[in-house]
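Let me begin by presenting the structure, written as structure tokens, before commenting on it.
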Amino acid sequence: MQHEAVGPSHATTAFDMMLVDPTSSLGRAVIRRFFVEIVGRYWGREVSDAEVEQAMLDEPSDDLRGDTGFLVIVRDGERIVGCGGAKVVEPGIAELTRVFVDDSVRGLGAGKALVREIETLSARRGVHTLRLTVRDDLAEAHRLYRRLGYTPVRPFSTSPYADNQLAKVLLEAR
């Protein structure tokens, strides 16, 4: 199944969440938006289609499905306004990844709802720890993760983009 509705949002503004296959046209489109944002912010400019395509090849998202992970999209009515996923790295541990929320809904609870949905789905799949990396220039994301209980941990990634490495122990399957 490529698309599957998941539980209600945890935000005060109603955002719908849906599991999608990252290789589907919908999955690829939202992941492309993630890369447009993340690569553009890194370089401080608009990025070309070729740069986005190269980033998608360099950092594929195909493992965000099946037993290795999942991808969730966020909808505000009919508009897709974000995405995020979890990639299992070892039994009980997954990495929060591909988290993106459109400028039009930032500050309205979409990011918080998305991360909580990913936490819930992860816990249901037996994940007890979610970890992530976040660049220094993504200050709003870093603040969100800290507010949601993610704390600094010993480095687990050698990525040049892993300025901050955080993790959260999930309390229990929800």
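Keep in mind it's a predicted model, so treat the numbers as computed, not measured.
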Is the shortest heavy-atom distance from the side chain of V88 to the side chain of D67 under 4.5 Å?
no
Please assess N164 against T133 for the test side chain to side chain contact (heavy atoms under 4.5 Å, CB included), listing each intermediate value before the final yes or no.
CA-CA 6 Å; N164 301 277; T133 63; over 6 Å; no
Just do the salt bridge (charged side-chain N to carboxylate O under 4.0 Å, His left out) check on D21 and R28 with the steps written out, would you?
CA-CA 8 Å; D21 184 319; R28 282 193 49 79; over 6 Å; no
If you look at every heavy atom in G27 and V20, which pair is closest and at what distance?
CA-CG2, 4.1 Å
When you compare the side chain of L130 with that of Y150, does any pair of heavy atoms fall below 4.5 Å?
yes
What's the separation between atom CD1 in I31 and atom CD1 in I73, rounded to the nearest 0.5 Å?
10.5 Å
Give a yes or no on whether the backbone of G82 and the side-chain of R33 come within a donor-acceptor separation of less than 3.5 Å.
no
Please assess V101 against E140 for the test side chain to side chain contact (heavy atoms under 4.5 Å, CB included), listing each intermediate value before the final yes or no.
CA-CA 11 Å; V101 176; E140 41 312 37; over 6 Å; no
For a quick test of reading the model, state the closest non-hydrogen atom pair linking V74 to C83 and the distance between them.
CG2-N, 4.3 Å
Can you measure from CD (E78) to CG (D16) and round to the nearest 0.5 angstrom?
9.0 Å
T151 backbone acceptor or donor facing R146 side chain under 3.5 Å:
no
What about the rings of Y161 and Y42, do their centers lie closer together than 6.0 Å?
yes
Taking the side chain as everything from C-beta on, heavy atoms only, tell me whether E37 gets closer than 4.5 Å to D102.
no
Path from I93 to L121 over hydrophobic side-chain contacts below 4.5 Å:
no
Give, for atom CD1 of I118 and atom CG of L71, the distance between the pair rounded to the nearest 0.5 Å.
8.0 Å
Rounded distance (nearest 0.5 Å) linking atom CG of L64 with atom CD of E95:
10.5 Å
Polar side-chain atom of R135 near backbone of I38 as donor-acceptor pair, under 3.5 Å:
yes
In one Ile/Leu/Val/Met/Phe/Trp/Tyr side-chain cluster, 4.5 Å: W43, L138:
yes
Could you tell me whether the side chain of D76 and the main chain of V81 form a donor-acceptor pair under 3.5 Å?
no
With a 4.5 Å limit on heavy-atom distance, are the side chains of V105 and F15 in contact?
yes
Is the NZ or CZ atom of R131 both under 6.0 Å from the centre of the six-membered ring of F156 and within 45° of that ring's axis?
yes
In short, Y145 meets L132 closest at the heavy-atom pair CD1-CD1, 3.6 Å
Main-chain N/O of D63 paired to T68 side chain as donor or acceptor, under 3.5 Å
yes
Of all heavy-atom pairs between T129 and A167, which one has the smallest distance, and what is that distance?
CG2-CB, 4.2 Å
Within a strict 4.5 Å, meaning less than it, do heavy atoms of the E51 and R45 side chains meet?
yes
So does D58 have more than 12 non-hydrogen atoms from other groups sitting under 6.0 Å from CG?
yes
When clusters are formed by joining ILVMFWY residues with side-chain heavy atoms under 4.5 Å apart, either directly or through shared neighbours, do V89 and V127 land in the same one?
no
Roughly how far, to the nearest 0.5 Å, is the CZ atom of R98 from the CZ atom of F70?
14.0 Å
Side-chain heavy-atom pair L96, V99 within 4.5 angstrom cut-off:
yes
Is the shortest heavy-atom distance from the side chain of Q165 to the side chain of S157 under 4.5 Å?
yes
What pair of heavy atoms forms the shortest contact from S122 to L170, and how long is it?
CB-CD1, 4.0 Å
How far apart are the closest heavy atoms of K168 and L148, and which atoms are they?
NZ-O, 2.6 Å
Do S104 and R79 pass the side chain to side chain contact (heavy atoms under 4.5 Å, CB included) test, and can you show the C-alpha distance, the side-chain angles, and the key distance before you say yes or no?
CA-CA 11 Å; S104 67; R79 289 183 326 125; 3.3 Å; yes
Could you tell me the separation between the CD atom of Q54 and the CG atom of D49, rounded to the nearest 0.5 Å?
13.0 Å
